Amino acid sequence: MGKSKLCLRTWVLADFQSISLLEIQKFSIEFLFRFGIDPITRPIHELDTCSLLDLLPEMPLWLKNPDYERVDWLNKVLSDMWPYLDKAAEDIIKSTAKPIFAEYIGKYQIKSIEFVSLSLGTLRPVICGLKVYDTNEKEIVLETAIRWAGNPNIVLLIKLLSLQITVQLVDLQIHAALRISLKPLVPTFPCFTNVVASLMEKPDVDFGMEILGGDIMSIPGLYRYVQETIKRQVAILYHWPQTLEIPILDASTVAIKKPVGILHVKVVRAIKLLRKDILGTSDPYVKLSLTGERLPSKKTSIKKKNLNPEWNENFKLIVKDPDSQVLRLQVFDWDKVGTHDRLGMQMVPLKLLTPYDTKELTLDLLKDTNISDSQNKKNRGKIEFELTFVPFREDSIKFSDPSVAYSRKESGTDGAILDNGTPTGAGLLLVMVHGAEDVDGERHSNPYALVLFRGEKKKTKMMKRTRDPLWNEEFQFMLEEPPLHEKIHIEVLSKRSVFHFLSKESLGHVEINLADVVHNGRINEKYHLINSRNGTIHVEMKWQTV
């Protein structure tokens with residue numbers, strides 16, 4: 001039984017030492033033959049309970065759990081990168097240890113604690129297996145177990161009163177379960193902005209500590225105290241949900257701007273516009289848009305034969321960056337035939353606005369934005385309008401919490417939560433159609449998604465010849481009241497890439513109750529498509545109120 005246990009233990013440890021199984025077996029056989037011992041091999045199921053229990057802790061995760069992948073290639077990469085990772089980890093360790101050391105300065109007569117030398121040594125950790133989690137979020141989640149029997153050179157200098165004590169860490173062994181998230185995913189190489197790491201359980205740490213040439217860990221009771229202290233300190237810092245976040249990309253350069261509020265615009269009137277028609281009048285209307293947006297411009301009604309039109313019409317525009325976006329107002333003369341002549345324009349930077357305060361403006365119309373243009377000195381009339389910027393509420397405030405009350409100034413843009421937890425007021429419904437899986441048509445598979453809500457239709461681009469399309473397209477719906485008792489209809493369709501009008505086929509649909517979106521603020525789910533065998537669609541929705 002002893003020989004069999006030795007062979008099996010040697011075989012299992014092969015994964016930790018990054019030696020091929022063939023080399024380990026060859027070494028074991030040569031060793032046994034050299035001493036005249038015949039190698040004995042026995043199936044694991046013939047071992048007794050004690051032998052199996054001795055083996056289990058040393059087995060890698062990929063052997064014990066089929067969800068974990070064996071990653072010899074990753075261990076080889078880690079081996080080649082280890083000298084460089086050693087240097088990179090030095091700064092992280094020092095910055096992490098600095099506040100911990102600071103807590104002890106002044107205590108126990110300690111004046112200072114500093115590193116004399118810091119190196120992780122030549123022996124690198126071993127990754128015992130890797131599991132990849134599938135989430136609906138824009139992230140990649142990896143879970144692994146790491147074992148490290150290292151030879152680090154870590155020496156601390158502690159100044160205690162008039163003494164200088166050197167402390168050296170020796171015989172370090174660590175076993176930790178680690179979760180790593182690469183998020184958020186972005187369309188810029190390496191396609192994620194941060195690496196977020198956390199421990200799924202308290203790590204097992206074993207080491208010796210030499211002071212003045214002696215290992216103080218041999219002192220009774222001290223070993224257990226130090227072990228528990230280290231576990232507790234590490235857990236405070238990195239035990240899930242605490243995380244270590246390492247930035248990879250500058251988030252400001254790759255972040256996709258999200259709506260932060262609503263700009264309420266009231267176009268009141270225009271005064272003394274230019275005459276463009278043959279009869280000495282104009283048919284004016286106003287176009288409104290925000291810079292940095294690809295959405296269609298908003299338009300007022302057309303006032304026929306009027307150089308002093310009054311509209312008193314209200315519009316709502318979605319704001320993503322109030323510090324840089326500019327409101328553009330353009331007055332046009334409507335013409336039944338040909339292009340519409342521009343009578344004048346004005347621009348207002350949103351950074352000039354104070355949230356919730358209505359600003360009334362009467363501005364001269366200009367030919368264009370070129371201030372030095374002599375044509376801008378020509379009198380083109382004036383435009384009068386009102387602006388109010390209302391930011392969205394913080395995402396952290398949940399509608400489902402009836403204890404959270406909310407109110408704004410009396411500006412006509414108030415939002416509130418009633419005593420029964422029901423939200424009221426205007427808001428923005430964001431619908432992100434991420435993609436679909438296993439959608440297959442009988443004649444063709446060129447899928448696109450069609451979103452129908454309150455009679456309005458919006459659709460994604462078409463993906464040719466695929467059963468698993470990825471659209472990642474967002475649609476916005478401005479609403480005066482929360483859609484508590486309404487549904488949104490999303491259908492996946494396929495059409496021919498040529499002669500679209502000849503053939504169109506439904507690949508499945510889904511209807512989603514919006515009450516959950518309103519009460520939770522956000523949902524991110526995969527739904528099974530009705531009238532589809534295996535098809536699913538991934539939809540994310542968000543309700544933001546002002």
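Source: prediction; values computed, not measured. Starting from 1, each residue takes its place in the sequence as its number.
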**OP:** Would you give the length of the straight line joining atom NZ of K94 to atom CZ of F101, rounded to the nearest 0.5 angstrom?
**Re:** 10.5 Å
**OP:** For E486, enumerate each residue passing the side chain to side chain donor-acceptor pair (under 3.5 Å) test, keeping only those at least two apart in sequence or located in another chain.
**Re:** R454
Subject >> Residue pair L428 / M478, side-chain heavy-atom distance below 4.5 Å >> reply: yes
**OP:** Decide if atom NZ of K458 counts as having more than 12 heavy atoms of other residues, nucleotides or ligands within a radius under 6.0 Å.
**Re:** yes
**OP:** Report the distance from atom OG1 of T460 to atom OH of Y448, rounding to the nearest 0.5 Å.
**Re:** 8.5 Å
**OP:** Answer whether the closest heavy-atom distance between the side chains of L244 and V195 falls below 4.5 Å.
**Re:** no
Original post:
Do you know which two heavy atoms are closest between N524 and H538, and how far apart they sit?
Top reply: OD1-NE2, 2.7 Å
Subject >> Validation row: L452, K457 side chains within 4.5 angstrom (heavy atoms) >> reply: yes
Subject >> Counterpart residues, salt bridge (charged side-chain N to carboxylate O under 4.0 Å, His left out), relative to D134 (two or more places apart) >> reply: K526
Original post:
Measuring from L317:CG to L327:CG, what's the distance to the nearest 0.5 Å?
Top reply: 6.5 Å
**OP:** Please name the pair of heavy atoms, one in A149 and one in L123, separated by the smallest distance, quoted to 0.1 Å.
**Re:** O-CD1, 3.5 Å
Original post:
Is there a donor-acceptor pair closer than 3.5 Å between any side-chain N or O of N446 and the backbone N or O of R465?
Top reply: yes
Original post:
Is any side-chain heavy atom of V539 closer than 4.5 Å to a side-chain heavy atom of V510?
Top reply: no
Original post:
Looking only at heavy atoms, which two atoms of S198 and L178 are closest? And how far apart?
Top reply: O-CD1, 3.4 Å
Original post:
Taking the side chain from S506 and the backbone from L493, do they hold a donor-acceptor pair closer than 3.5 Å?
Top reply: no
Original post:
Within a reach of under 6.0 Å around NZ of K459, are more than 12 heavy atoms found that belong to other residues, nucleotides or ligands?
Top reply: no
Subject >> Partner residues of Y133 under the ring pair (Phe, Tyr, Trp, His ring centres under 6.0 Å) criterion, sequence neighbours left out >> reply: none
Subject >> Beyond-backbone contact of I490 with Y527, side-chain heavy atoms, under 4.5 angstrom >> reply: no
**OP:** Could you tell me whether the side chain of M541 reaches within less than 4.5 Å of the side chain of L514, counting heavy atoms only?
**Re:** yes
Original post:
Is the closest side-chain heavy-atom distance between T545 and W543 below 4.5 Å?
Top reply: yes
Original post:
Does E442 have any salt bridge (charged side-chain N to carboxylate O under 4.0 Å, His left out) partners at least two apart in sequence or in another chain, and if so, which?
Top reply: none
Original post:
So which heavy atom on L529 is nearest to which on L507, and how close?
Top reply: CD1-O, 4.2 Å
Subject >> Set of residues satisfying side chain to side chain donor-acceptor pair (under 3.5 Å) with respect to S289, sequence neighbours excluded >> reply: R328
**OP:** Output every pair passing ring-ring contact (aromatic ring centres under 6.0 Å, His included) with a member in residues 470-491, not counting sequence neighbours, ordered by first then second residue.
**Re:** F453-F477, H489-H509
Original post:
When rounded to the nearest 0.5 angstrom, what distance separates CG in L199 from OG1 in T243?
Top reply: 11.0 Å
**OP:** Grab the two heavy atoms, one from C128 and one from R147, that are nearest each other, plus how far apart they are.
**Re:** SG-CG, 3.7 Å
Subject >> side chain to side chain donor-acceptor pair (under 3.5 Å) partners for Q325, two or more places apart >> reply: none
Original post:
Under 6.0 Å from the CZ atom of R443, do we count more than 12 heavy atoms belonging to anything else shown?
Top reply: yes
Original post:
Could you go step by step and tell me if T193 and I248 meet the side-chain contact (heavy atoms from CB on, under 4.5 Å) rule?
Top reply: CA-CA 5 Å; T193 61; I248 303 299; 5.9 Å; no
Subject >> Pairing of R467 and D438 as salt bridge, 4.0 angstrom limit >> reply: yes
**OP:** I would like to know whether F389 and L350 meet side-chain contact (heavy atoms from CB on, under 4.5 Å); could you show each step before the answer?
**Re:** CA-CA 8 Å; F389 173 57; L350 301 190; 5.7 Å; no
Original post:
Should E474 and K542 count as an ion pair when the cut-off is N to O under 4.0 Å?
Top reply: no
Give every donor-acceptor pair under 3.5 Å between a side-chain atom in residues 80-88 and any protein atom, sequence neighbours left out.
from, atom 1, to, atom 2, distance (Å)
D80, OD1, K76, NZ, 3.2
D80, OD2, K76, NZ, 2.9
W82, NE1, G121, O, 2.9
D86, OD1, L120, N, 3.0
D86, OD2, S119, OG, 3.2

**OP:** Apply the test side-chain contact (heavy atoms from CB on, under 4.5 Å) to residues V390 and Y356: give CA-CA distance (whole Å), side-chain angles for both, the deciding distance (0.1 Å), then the verdict.
**Re:** CA-CA 5 Å; V390 183; Y356 311 111; 3.7 Å; yes
Original post:
Partners of H444 by side chain to side chain donor-acceptor pair (under 3.5 Å), sequence neighbours excluded?
Top reply: S494, S503
**OP:** Could you go through the side-chain contact (heavy atoms from CB on, under 4.5 Å) check for I537 and V433 one step at a time?
**Re:** CA-CA 8 Å; I537 187 167; V433 184; 4.1 Å; yes
Original post:
Under the 3.5 angstrom rule, does the side chain of N75 hit a backbone N or O of V126 as a donor-acceptor pair?
Top reply: no
Original post:
Sequence neighbours excluded, which residues qualify as salt bridge (charged side-chain N to carboxylate O under 4.0 Å, His left out) partners of E540?
Top reply: R522
**OP:** For Y104, enumerate each residue passing the ring pair (Phe, Tyr, Trp, His ring centres under 6.0 Å) test, keeping only those at least two apart in sequence or located in another chain.
**Re:** none
Subject >> Where G535 and S532 come nearest, the two heavy atoms and their spacing >> reply: N-OG, 3.0 Å
Subject >> Partners passing salt bridge (charged side-chain N to carboxylate O under 4.0 Å, His left out) against E114 (at least two apart in sequence or in another chain) >> reply: none
Original post:
Nearest 0.5 Å, what's the CD-CG distance between Q168 and L156?
Top reply: 10.0 Å
Original post:
Going from CG on L74 to OG on S79, what distance comes out if it is rounded to the nearest 0.5 angstrom?
Top reply: 11.5 Å
**OP:** Flag the pair F392 / I262 as yes when at least one side-chain heavy-atom distance between them is below 4.5 Å, and no otherwise.
**Re:** yes
Original post:
For the side chain of D440 and the backbone of S445, is there at least one donor-acceptor N/O pair under 3.5 Å apart?
Top reply: no
